[in-house]
Amino acid sequence: MAEGEDMQTFTSIMDALVRISTSMKNMEKELLCPVCQEMYKQPLVLPCTHNVCQACAREVLGQQGYIGHGGDPSSEPTSPASTPSTRSPRLSRRTLPKPDRLDRLLKSGFGTYPGRKRGALHPQVIMFPCPACQGDVELGERGLAGLFRNLTLERVVERYRQSVSVGGAILCQLCKPPPLEATKGCTECRATFCNECFKLFHPWGTQKAQHEPTLPTLSFRPKGLMCPDHKEEVTHYCKTCQRLVCQLCRVRRTHSGHKITPVLSAYQALKDKLTKSLTYILGNQDTVQTQICELEEAVRHTEVSGQQAKEEVSQLVRGLGAVLEEKRASLLQAIEECQQERLARLSAQIQEHRSLLDGSGLVGYAQEVLKETDQPCFVQAAKQLHNRIARATEALQTFRPAASSSFRHCQLDVGREMKLLTELNFLRVPEAPVIDTQRTFAYDQIFLCWRLPPHSPPAWHYTVEFRRTDVPAQPGPTRWQRREEVRGTSALLENPDTGSVYVLRVRGCNKAGYGEYSEDVHLHTPPAPGQARWLPPVILALWEAKAGGSPEVGSLRPT
C-alpha cells in the first residue's frame with residue numbers, strides 16, 4: 001500500500017516537472033529580442049510597448065544614420081559579471097563612441113547625422129523602426145536615453161536562466177582559482193562574492209560596508225526604476241501620456257492638466273486587471289482549446305478552398321484560352337480563303353498579260369493569221385481572234401490588278417477585349433444598398449425600393465429582412481423575418497400589422513457571397529383599419545405591374 005502511494009506521489013511530481021519544463025520552454029519565446037533572437041539583455045521599453053535590447057537598439061539607430069543617441073553608456077555592464085561568455089558577440093564587433101564625446105552629444109540634444117546641420121532651429125525627431133510591430137516609433141530628441149529599462153523583464157529573464165541552466169551555480173568573481181559558489185551580490189560593486197570575499201571587499205568601518213547585499217546574479221540592475229530625464233526614482237504615473245514620471249516631471253508644463261496618479265494606484269489597478277484577465281484565461285482553457293480546434297479546422301478548410309479556387313480560376317482561364325484558340329483558327333481560315341482567291345485572280349491576270357508579249361502564242365498566232373490571203377477564210381479565223389485581242393488591248397489600256405494585295409480589312413480591334421482582360425479580377429460582393437426613401441411607402445402594404453451605389457459590383461438577387469419594433473423584446477437574439485432571392489430592386493410586404501412600426505433592411509448577393517446590409521429604415525403603418533386610404537399613383541402602378549407578373553417587384557409575406 002505504501003509502495004503504491006509512493007509511486008503515485010512520484011508520478012505526480014514527474015508530471016508537474018514535465019508541465020513546468022514545457023511551460024518554461026514555451027515562455028522562452030517571450031524572452032527573445034526580436035532583433036538578435038537572443039535572451040533580452042538590458043531591454044528598453046519602446047513607446048509602442050515593445051522591448052528591444054539596448055545594444056540592438058544602438059545598432060539599429062546606427063544603421064539609420066543617427067549618431068549620439070544610443071543612450072547612456074554607463075548602463076553597459078563593466079563588472080566581472082559581464083564576461084565575454086555572457087555578453088552578446090555583437091558587442092565585441094561594435095566600436096562605441098568615446099564616453100566624453102557621447103555625453104556632450106546627449107547634453108546638446110542633437111548629434112551629427114546625414115542631412116542635419118548643426119544648430120538647426122527645429123529639434124531632431126528620431127524615428128526608430130520597431131522590429132516587432134514593423135512601425136516607425138518616435139523616440140523624441142534624446143533617443144534611447146529617454147526610454148525606461150524594463151527591469152521586470154530582466155528579472156524574468158534571470159529567473160528563467162537560473163531555472164533551465166544545467167549546473168547553474170553562480171561562481172564568485174573575486175576568488176582565486178578554483179572559484180567558490182557565490183552567495184551574495186552587490187549592486188554598487190556590480191559583482192558576486194562568496195562569504196569570505198564579501199567580508200574581504202566590504203570591511204567594517206569603510207563606505208563599502210554600507211552596501212546592501214543581494215542574491216548572486218549575472219545581471220545587476222538599479223534598485224528602482226529611475227526617470228531617464230531627471231535620474232530620480234519614479235513615483236507617479238501620467239494616465240494622459242501613459243508614462244511613469246518623477247516629482248520633477250510632475251511640475252513640468254508638459255504634464256499640465258494631465259491626470260496623474262501615484263504609482264501605487266496604477267500598480268494596483270494594472271495588477272488587478274492583469275490578474276482578472278489571467279484568471280479568466282486560465283478558467284477558460286477548454287474554450288481556448290475548442291477555439292484552437294476551430295482555427296485548425298479553418299486552416300484546413302482554407303487550404304482546401306484555396307486549392308479549389310485555384311483550380312476554378314485555372315479552368316476558367318483555360319476556357320478563355322480555348323475560345324480564343326477556336327476564334328484564332330476561324331479567323332486564320334477566313335484570311336487563308338481570301339488569300340487563295342486573290343492569288344488565283346492575280347495569276348489569271350498574269351497569264352493574260354504574258355500572252356501579249358512578243359513571241360507569245362497569241363501574238364504569233366495573230367501574225368500568222370494576218371498572212372492569210374484568202375478573204376473568206378481570214379474573216380472566219382480573225383473574227384474570234386479579234387475579240388480576244390480587243391479584250392487584251394482594253395485590259396492593257398485600263399490596267400489595274402485584279403485583286404488588292406492589302407489585308408487591312410482583316411485587322412482586329414481588340415482594344416475593348418484587352419481592357420476587359422486587363423480588368424479581369426475576382427468578383428466582389430455587392431456594396432450595401434441604398435434605400436430610396438422617396439419611393440418607399442407604408443400603407444395597407446409596405447413598398448420598399450432600393451438601389452446599389454454607382455460603382456458597386458452587381459447583385460444577382462437580394463435578401464430583405466423586416467421586423468416590428470413596437471413589440472416587447474423577447475429574450476435571446478433579435479429575430480428578423482426575411483425574404484430570400486428577391487429579384488429586382490423593389491419588394492412588397494403584404495398584410496402588415498396596422499398601427500405598427502417596422503424596420504427594414506436589404507443586402508445583395510452574388511457568386512462572391514452576401515454584401516453588407518443597408519441602413520435600417522423605419523416605417524409606420526396607418527393606425528385605423530378599414531378606413532379608405534389614398535394610394536399614390538406610383539404604388540398603384542407597381543401593384544398593377546405585380547399583378548401582371550412583373551419580375552421587378554418581389555412579394556413579402558410575414559412568416
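- No donor-acceptor distance shorter than 3.5 angstrom exists from the side chain of Ser456 to the backbone of Leu452, with no hydrogens or angles considered.
- Atom CD of Gln134 sits in a crowded spot, with more than 12 heavy atoms from other residues, nucleotides or ligands closer than 6.0 Å.
- Of the inter-residue distances, the one linking Glu484 atom CD with Cys509 atom SG reads 9.0 Å to the nearest 0.5 angstrom.
- Val313 places a side-chain heavy atom less than 4.5 Å from the side chain of Phe426.
- Counting heavy atoms from C-beta outward, Val234 and Val245 have side chains that stay 4.5 Å or more apart.
- Ion pair Arg300/Glu297 flagged as a salt bridge, since at least one NZ, NE, NH1 or NH2 atom sits closer than 4.0 Å to an Asp/Glu carboxylate oxygen.
- Proximity of His202 to Cys186: side-chain heavy atoms (C-beta onward) are separated by under 4.5 Å at one or more points.
- Residues Gln247 and His230 form no side-chain contact, since every pair of their non-hydrogen atoms from C-beta on lies 4.5 Å or further apart.
- Looking at Tyr517 and Glu465, their side chains do bring a donor and an acceptor atom within 3.5 Å of each other.
- Within the structure, no pair that satisfies the ring-ring contact (aromatic ring centres under 6.0 Å, His included) test touches residues 260-317, not counting sequence neighbours.
- Nearest heavy-atom pair across Ile435 and Leu504 is CD1-O, 4.2 Å.
- Side chain to side chain, Asn150 and Glu154 fail the donor-acceptor criterion of an N or O pair below 3.5 Å.
- For Arg243, the side-chain hydrogen bond (donor to acceptor under 3.5 Å, both in side chains) test picks out no residue, with sequence neighbours left out.
- With hydrogens and angles ignored, the 3.5 Å screen pairs a side-chain donor or acceptor of Gln173 with a backbone N or O of Thr192.
- Separation of atoms CG (Asn195) and CG (Leu180) is listed at 9.5 Å; rounding is to 0.5 Å.
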> Should His255 and Cys241 be marked as a side-chain contact (heavy atoms from CB on, under 4.5 Å) after you check the CA-CA gap, both sets of side-chain angles, and the distance that decides it?
Replying inline: CA-CA 8 Å; His255 295 281; Cys241 300; 3.8 Å; yes

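- Checking side-chain atoms of Ser518 against main-chain N and O of Val506 turns up a donor-acceptor pair under 3.5 Å.
- Looking at Leu424 and Leu320, their side chains come closer than 4.5 Å, going by heavy atoms from C-beta outward.
- Across Pro179 and Cys172, no two heavy atoms sit closer than the pair CB-O, 3.5 Å.
- Minimum interatomic distance between Thr49 and Val45 (heavy atoms only, all atoms of both residues): CA-CG1, 4.3 Å.
- Glu519 CD: 12 or fewer foreign heavy atoms inside a 6.0 Å radius.
- The SG atom of Cys238 lies 11.0 Å from the NZ atom of Lys259; values are rounded to the nearest 0.5 Å.
- Side-chain atoms of Lys208 and His211, non-hydrogen and from C-beta on, do get closer than 4.5 Å to each other.
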> Where do Phe128 and Leu61 land on the side-chain contact (heavy atoms from CB on, under 4.5 Å) test, with the steps shown first?
Replying inline: CA-CA 7 Å; Phe128 185 87; Leu61 285 184; 3.7 Å; yes

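- No donor-acceptor pair closer than 3.5 Å links the side chain of Ser265 to the backbone N or O of Thr261.
- Considering CG of Leu420 and CD of Glu423, their distance stands at 6.5 Å, rounded to 0.5 Å.
- Nearest heavy atoms, Ala57 versus Leu144: CB-CD1, 3.5 Å.
- Figure legend: Arg505 and Trp480 shown as a cation-pi pair, the cationic atom lying under 6.0 angstrom from the six-membered ring centre and within 45 degrees of its axis.
- The line from CD of Glu294 to OG1 of Thr287 is 10.0 Å long, rounded to the nearest 0.5 Å.
- Distance check: His461 NE2 to Glu485 CD gives 4.5 Å after rounding to the nearest 0.5 Å.
- In the displayed structure, Asp272 atom CG is contacted under 6.0 Å by more than 12 heavy atoms of other residues, nucleotides or ligands.
- Side-chain contact check for Trp204 versus Lys199: every heavy-atom pair is 4.5 Å or farther apart.
- Remark: the backbone N or O of Cys33 is not paired with any side-chain donor or acceptor of Asn51 at under 3.5 angstrom.
- Listed here is the closest heavy atom pair of Tyr40 and Pro43: CD2-CB, 3.8 Å.
- Side-chain atoms of Gln285 come within 3.5 Å of backbone atoms of Ile281 as a donor-acceptor pair (strictly under, hydrogens ignored).
- Counting all heavy atoms, side chain and backbone alike, Glu516 lies closest to Pro433 at O-CD, 3.7 Å.
- Between Trp450 and Val434, the closest side-chain pair of non-hydrogen atoms is not below 4.5 Å.
- Within a 6.0 Å radius of CD in Gln37, other residues, nucleotides and ligands contribute more than 12 heavy atoms.
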> Please walk me through it: do Leu244 and His236 pass side-chain contact (heavy atoms from CB on, under 4.5 Å)?
Replying inline: CA-CA 6 Å; Leu244 291 165; His236 290 76; over 6 Å; no

>> Between Leu174 and Phe201, is the side-chain contact (heavy atoms from CB on, under 4.5 Å) condition met? List the steps.
In response: CA-CA 9 Å; Leu174 281 302; Phe201 285 91; 3.6 Å; yes

